[in-house]
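My questions will all concern the structure given below.
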2 protein chains.
Amino acid sequence: MGKATRENSSPAPFAAEKLRTAGLRPTRQRMELAAHLFCGDDRHVTAESLHDEVARAGIKVSLATVYNTLHQFTAAGLLRQVVVDAVRGYFDTNTGDHQHFFLEDEGTLIDIPGEAIQVAGVPAAPAGMAVDRVDVVVRVKRT
Amino acid sequence: MGKATRENSSPAPFAAEKLRTAGLRPTRQRMELAAHLFCGDDRHVTAESLHDEVARAGIKVSLATVYNTLHQFTAAGLLRQVVVDAVRGYFDTNTGDHQHFFLEDEGTLIDIPGEAIQVAGVPAAPAGMAVDRVDVVVRVKRT
DNA sequence: TATCTTCTTTAGAATTATTCTAAAAAATGT
DNA sequence: ACATTTTTTAGAATAATTCTAAAGAAGATA
């Protein structure tokens with residue numbers, strides 16, 4: 001059955017390709033983080049939450065590397081940053097057109113599909129400026 | 001002409017009333033900050049920017065007091081916080097229904113009247129949650 | 001006005017999220 | 001394997017904000 005062991009089995013074969021395409025060397029840390037980020041459904045993480053998560057999975061990656069990686073992935077278009085909270089920075093694996101609910105009590109984000117929501121009447125951007133993105137945050141609180 | 005001097009002339013008579021109504025003692029610092037915030041047009045400030053501004057006007061208020069006051073004013077409904085930037089916190093003197101342009105290059109906010117812009121298709125809030133506010137941020141960049 | 005009580009201010013320490021630094025480790029090319 | 005370029009990382013550094021405890025005002029009262 002070959003020599004696949006816990007040590008040499010790659011956690012997510014697709015990750016290497018994804019990283020290469022993005023112009024990033026497929027290092028162990030980046031592979032592990034990519035595996036956690038891009039394997040299942042879309043998700044929202046903070047540097048800290050992702051770091052905790054991989055740590056609990058027994059993977060050793062420094063927090064600095066998590067920050068670096070999140071930013072590199074964002075620059076490569078693999079992630080998108082969401083600004084909803086003054087204290088924490090969130091990263092979203094869904095880079096398509098969509099918006100968010102933000103549960104203020106828990107600090108949780110929930111995607112709202114882009115087709116669902118429409119923003120009308122945005123005035124022309126100030127002179128010399130172009131619209132980069134329109135972000136909608138629906139802040140909700142426990143009833 | 002009475003005995004109005006630089007020392008006893010109140011910088012903004014309306015401020016005292018405004019503060020009392022909000023349940024806040026009209027202290028010198030709060031009066032000065034209110035005068036700067038609520039005298040002219042609507043504006044957007046950060047703790048640091050407001051602190052610098054009053055300092056340049058020769059007024060001595062500690063940064064901690066600026067933070068306290070901005071939060072107290074916000075709790076009293078005199079200000080509203082705007083989350084657009086991961087590093088800095090902004091406060092808006094316009095507490096009515098409106099949205100914002102955010103000039104990412106300069107870190108500047110510009111109001112968009114609430115009547116101008118409409119958001120349609122917001123899904124129902126998650127169970128047990130109620131919509132607190134819908135924020136729209138139109139991020140613009142230099143062309 | 002003198003006094004008491006309560007609320008504010010403040011300097012500076014503390015906290016928190018994030019970035020920086022410089023050196024060790026890993027990846028890639030030859 | 002060797003040389004070169006990237007990465008990773010621990011820990012220091014930064015920056016915004018909050019906390020602390022003590023001194024200073026405000027308001028109420030006698």
Side-chain angles (χ1 to χ4, degrees), chain A residues 7-8 10-11 15-36 44-55 59-76 78-79 81-91 107, chain B residues 7-8 10-11 15-36 44-55 59-76 78-79 81-91 107:
Chain A
E7 285 71 40
N8 68 10
S10 70
E17 203 40 42
K18 192 156 191 164
L19 291 173
R20 279 236 170 64
T21 306
L24 296 167
R25 285 189 184 173
T27 65
R28 177 180 64 80
Q29 302 56 354
R30 293 211 267 236
M31 300 275 278
E32 305 275 27
L33 292 173
H36 275 261
H44 305 95
V45 302
T46 65
E48 200 84 35
S49 81
L50 181 59
H51 183 249
D52 287 0
E53 178 181 325
V54 297
I59 296 161
K60 273 185 56 181
V61 182
S62 77
L63 185 55
T65 296
V66 174
Y67 273 104
N68 288 341
T69 304
L70 288 174
H71 285 136
Q72 291 155 354
F73 283 8
T74 301
L78 269 34
L79 288 178
Q81 258 189 89
V82 186
V83 180
V84 282
D85 189 26
V87 298
R88 243 177 264 298
Y90 289 83
F91 292 83
Chain B
E7 285 71 40
N8 68 8
S10 70
E17 201 42 41
K18 192 156 194 165
L19 291 175
R20 281 237 170 63
T21 305
L24 296 168
R25 283 190 185 173
T27 65
R28 178 180 65 78
Q29 302 57 355
R30 294 210 267 235
M31 299 277 278
E32 305 275 25
L33 293 174
H36 276 259
H44 305 95
V45 301
T46 65
E48 199 86 34
S49 81
L50 180 58
H51 184 249
D52 288 0
E53 178 180 327
V54 297
I59 296 160
K60 275 185 53 182
V61 183
S62 77
L63 185 54
T65 297
V66 175
Y67 274 104
N68 288 341
T69 304
L70 287 174
H71 286 137
Q72 290 154 355
F73 284 9
T74 300
L78 269 34
L79 289 177
Q81 256 189 92
V82 187
V83 179
V84 281
D85 188 26
V87 298
R88 242 178 262 300
Y90 289 83
F91 292 83

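Quick note on labels: first sequence line is chain A, next is B, and so on, each numbered from 1.
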For this session: Report yes if at least one side-chain N or O of Thr65(B) is closer than 4.0 Å to OP1 or OP2 of dT10(C); otherwise report no.
Result: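 Answer is yes, contact under 4.0 Å.
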Exercise. Would one find a side-chain N or O of Arg88(B) under 4.0 angstrom from OP1 or OP2 of dT17(D)?
Worked result: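 No.
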For this session: Using only side-chain N and O atoms of Tyr67(A), determine if any of them is under 4.0 Å from OP1 or OP2 of dT19(C).
Result: no
Problem set entry | Residue mapping more 5' on DNA chain D - nearest nucleotide basis, Ala47(B) or Thr27(B) |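 Nearer the 5' end of the strand: Ala47(B).
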Exercise. Between atom CG of Leu50(B) and atom CD of Glu48(B), what is the distance when rounded to the nearest 0.5 Å?
Worked result: 10.5 Å
Problem set entry | Spacing between Gln72(B) atom CD and dT9(C) atom C1', to the nearest angstrom | 10 Å
Seminar exercise, completed: Between Ala86(B) and Gly23(B), whichever has its closest DNA chain C nucleotide further toward 5' is Gly23(B)
For this session: Quickly work out the Leu19(A) CG to dT7(D) P distance and round it to whole Å.
Result: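 To the nearest whole Å, that distance equals 11 Å.
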Exercise. Given the rule in the side-chain contact (heavy atoms from CB on, under 4.5 Å) test, do Val54(A) and Gln29(A) qualify, once you have shown the distances and angles that lead to the verdict?
Worked result: CA-CA 10 Å; Val54(A) 297; Gln29(A) 302 56 354; over 6 Å; no
For this session: Please name the pair of heavy atoms, one in Phe73(A) and one in Arg30(A), separated by the smallest distance, quoted to 0.1 Å.
Result: CZ-O, 3.9 Å
Problem set entry | Side chain of Arg25(A) - closest among dA27(C), dT19(C), dT10(C) |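 Looking only at side-chain atoms, Arg25(A) lies closest to dA27(C).
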Exercise. Does Arg30(A) put a side-chain nitrogen or oxygen below 4.0 Å from OP1 or OP2 of dA26(C)?
Worked result: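 For Arg30(A), the contact criterion (side-chain N or O under 4.0 Å from OP1 or OP2 of dA26(C)) is not met.
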Exercise. With respect to the phosphate group of dT10(C), does any side-chain polar atom (N or O) of Ser62(B) fall under 4.0 Å of OP1 or OP2?
Worked result: yes
Problem set entry | Short side-chain N/O contact to dT10(C) OP1/OP2 from Gln29(B), under 4.0 Å |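 Yes.
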Exercise. Taking atom C1' of dT14(D) as reference, at what distance in whole Å does atom CD of Glu48(B) sit?
Worked result: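 Atom-to-atom, Glu48(B) to dT14(D), this comes out as 13 Å.
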Problem set entry | His71(B) side-chain N/O to dT18(D) phosphate OP1/OP2 under 4.0 Å | yes
Exercise. Which whole-number value in Å describes the distance from Arg28(A) CZ to dA24(C) P?
Worked result: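 The distance from CZ of Arg28(A) to P of dA24(C) comes to 19 Å, rounded to the nearest Å.
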Exercise. Rounded to the nearest Å, what distance is computed from the CG atom of residue Asn68(A) to the C1' atom of nucleotide dA10(D)?
Worked result: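 Whole-Å distance recorded here is 13 Å.
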Exercise. Just how far is it from atom OG1 of Thr27(A) to atom CG of Leu33(A), taken to the nearest 0.5 Å?
Worked result: 8.0 Å
Exercise. So, for Glu53(A) and His36(A), which heavy atoms are closest and what is the spacing to 0.1 Å?
Worked result: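 Distance-wise, the nearest heavy atoms are OE2-ND1, 2.8 Å.
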Problem set entry | Estimated bend of the helix from dT1(C)-dA30(D) to dT30(C)-dA1(D) (axis per five terminal pairs, rounded to 10 degrees) |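 Inter-axis angle at the ends, rounded: 20°.
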Problem set entry | Validation row: Asp85(B), Val83(A) side chains within 4.5 angstrom (heavy atoms) |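 No, side chains not in contact.
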Exercise. To the nearest angstrom, how far is Lys60(B) atom NZ from dA11(C) atom C1'?
Worked result: 11 Å
Exercise. Whole Å only: how far is the CG atom of Leu63(A) from the C1' atom of dA10(D)?
Worked result: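 In whole Å, dA10(D) C1' and Leu63(A) CG are 11 Å from each other.
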Exercise. Can you check the Met31(A) CE to dA26(C) C1' distance for me, whole Å?
Worked result: 14 Å
Exercise. Which heavy-atom pair separates Pro26(A) from Ala16(A) by the least distance, and what is that distance?
Worked result: CB-CA, 4.1 Å
Name each donor-acceptor pair under 3.5 Å that joins a side chain in residues 63-70 of chain A to protein atoms two or more places apart or in another chain, with its distance.
from, atom 1, to, atom 2, distance (Å)
Thr65(A), OG1, Ser62(A), OG, 3.0
Asn68(A), ND2, Ala64(A), O, 3.4
Thr69(A), OG1, Thr65(A), O, 2.7

